[in-house]
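See below for the structure under consideration.
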Amino acid sequence: MRMTALHAPTLKEAPKEAEVPSHALLLRAGYLRKEAAGIYSFLPLAMKVLARIGRIVREELDRAGAQEVLLPLIQPAELWQESGRWTKYGPELLRIKDRKDAEFCFSPTAEELIVSLVRRDVRSYRQLPLNLYQIATKFRDEVRPRAGLLRGREFIMKDAYSFDADEAAAGRTYQAMYDAYTRIFQRCGLEFRPVEADTGAIGGSRSHEFQVLAETGEDSIVSCSQCTYTANVEKAELLAPSASDAPATAVLRRVDTPGKRTVEDVAAFLGTTPSRLAKTLLVVADGKPVAALVRGDHELNLVKLKAHLGATEIELAGEALVRELTGADVGFAGPVGLPAHVDVVADPAVLALSAVICGANATDQHFADVVFGRDLPRPSAVDLRLAHDGDPCGRCGGAFRFFRGIEVGHVFFLGTKYSEPMGCTFLDQDGKERPMVMGCYGIGLTRIMAAAIEQNHDADGIKWPVPIAPHEVVVLPLNADDAEVLSTAERVYRELLDLGVSAVLDDRDMRPGAKFKDADLVGFPFQIVVGKRGLAEGNVEFKVRATGEKGTLTVAGASQSLTERIRTARGGA
RNA sequence: CGGGGAAUAGCGCAGUCUGGUAGCGCGCGAGCUUUGGGAGCUUGAAGUCGGGGGUUCGAAUCCCCCUUCCCCGACCA
């Protein structure tokens, strides 16, 4: 590729809309242009990167036994009504009507469509297992798109769906996909971690996210410093403390706590610490009120509570509802004396206390020396709290450490969540009709592109990992008016192409400084510099973008020796 | 959806308070000089000042309404 022909409009200054590095650099280096919030045009360099990521994804999925298909972007409402998600998915599902007023939506994911496709033609266990994937544009009308490609509304995703005859076979498929994902992200040159995750709205029983480690990541992940347990903070299981206090003997008493609404205020007022308090949070799960107790110095993890309750919607109760349920102002809720229809669940750390202080469901009053099992029925123990740095690992008790991550892949064990209600069944060897056991698996291609930059950049620009760089090497003839410089650059460029290297020749009539700046900005992993100075000695120079390493090569041997370096940097196929 | 900020040439910005017919840097075209880390000079093209309404002799500037975009939060395969 010649730079004079390449449409890669670089900018000296970053558009002000860009905050995170990947966003700013993709705009500046001429990969991306914005068309609307969370909606972008991909320029030629971006297409090269996506093609190379796509190739790795396809190779590894094909190797894992999956087959590529292409499903419609616009899908009929009936399918989504059949699964119930037409109403459940909410405003994130972008709906449209055709000229006949028939309802459709833009596909944010494709479980319904794939089930409809498979149930039509697959009737026998002999046709299983089946694993189908596509790489396609998806649309989710995000509440708040942000950070460029990291959270766009329109994005390119690989989504795969597997169908097996039984749980055991589906488990093997899940593991095969997990392994394929591991290879894919390794081959992309990313530093990542597979983490245990909450299954969210997609549902299912087992789930791992693949998180690229980056400070700008939206997700918090915890990793045990002693064992291999790594999980999304939403899911992170904590070790339940054992009861350490002596059994309480004092009887329950009501104390006045005028105007003390916060845990800190109450603790200070009563001369104790927040860890002796039970914080009572009222939430509404699918319309039903629930009281959740966590220790005063802990925070409630809504995702954990939602998962425990099996709810699809959960939110903290509003002020009006709190008043209705407790008969008191906000800040004085407690588990004693709540209406009978309010279920109470408690974090093990609360239950480990011999006696607690909690709200009295009366304005300006708390209860002290409340004992579970004596003053109220012992609530069921549910891990409810948000993990913090240093908290004990639920598997081994080691200390948790925190990382920020960008979710680039997610694998779900779905079971029969979709196949059963949608009648995706087959006849087993005994002639019995059974629902297929499914899994689904996503990889965000456009998000990988951004995540790779978050992880690999400096003040000058992008430092692409070789396997996903738009081109592997750029040849820079520095003196545009020097015939020997030009012909040598041309020669090295041609040789590289002949050796199967993806090369770019910067044949633009520009000053050397500008070419260097653009080369660093765009992020080609290798640069070959052809200038009068080196040529006098029969040499050209090279620079490795990622490390800054520089060196000289003979004109005659340059392409060969660089090609060898590039081949090792490409990684195994 | 709550809070904050912004919209003026392709990009980055000034001008708005105090109304007088739009400017700077970069980029873009032409010419000359230059050429190892975003060159210099000369010259030129380019803007419905986000949109609509109002006040005024006169509005980028004042008033009202709307739209879009960005950030924080809530939300989220």
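So that the names make sense, note that chain A is the first sequence line, chain B the second, and so on, each numbered from 1.
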When the C1' atoms of B:U35 and B:G40 are considered, how many whole Å apart are they? 12 Å
Measuring from the side chain of A:R511 (C-beta onward, heavy atoms only), which nucleotide among B:U35, B:G37, B:G25 has the closest atom? B:U35
Decide yes or no, distance alone: a donor-acceptor N/O pair under 3.5 angstrom between the base of B:G37 and the side-chain of A:D520. yes
Provide the distance between the two C1' atoms, one in B:U61 and one in B:A22, to the nearest whole Å. 12 Å
What nucleic acid atoms does A:K16 come within less than 4.0 Å of, heavy atoms only: base, sugar-phosphate, or nothing? sugar-phosphate
Closest to the 5' end of RNA chain B, once A:G38 and A:V143 are matched to their nearest nucleotides, is A:G38
Which nucleotide in the list B:C72, B:G37, B:C11 gets nearest to the side chain of A:R144? B:C72
Selected nucleotide, minimal atom distance to A:R28 side chain, candidates B:C69, B:G38, B:G12: B:G38
The reported gap from CZ in A:R193 to CG in A:N232 (rounded to nearest 0.5 angstrom) is 15.0 Å
Quick check: on RNA chain B, is the nucleotide nearest A:A514 upstream (toward 5') of the one nearest A:P15, or the reverse? Name the residue that is more 5'. A:P15
Expected output: side-chain A:N479 to main-chain A:K532 donor-acceptor under 3.5 Å: yes
Taking atom C1' in both B:C57 and B:G52, what distance in whole Å separates the two? 23 Å
With both distances kept under 3.5 Å, what pairs with B:U55, Watson-Crick or G-U wobble? none
Expressed in whole Å, how much space separates the P atoms belonging to B:G2 and B:U48? 34 Å
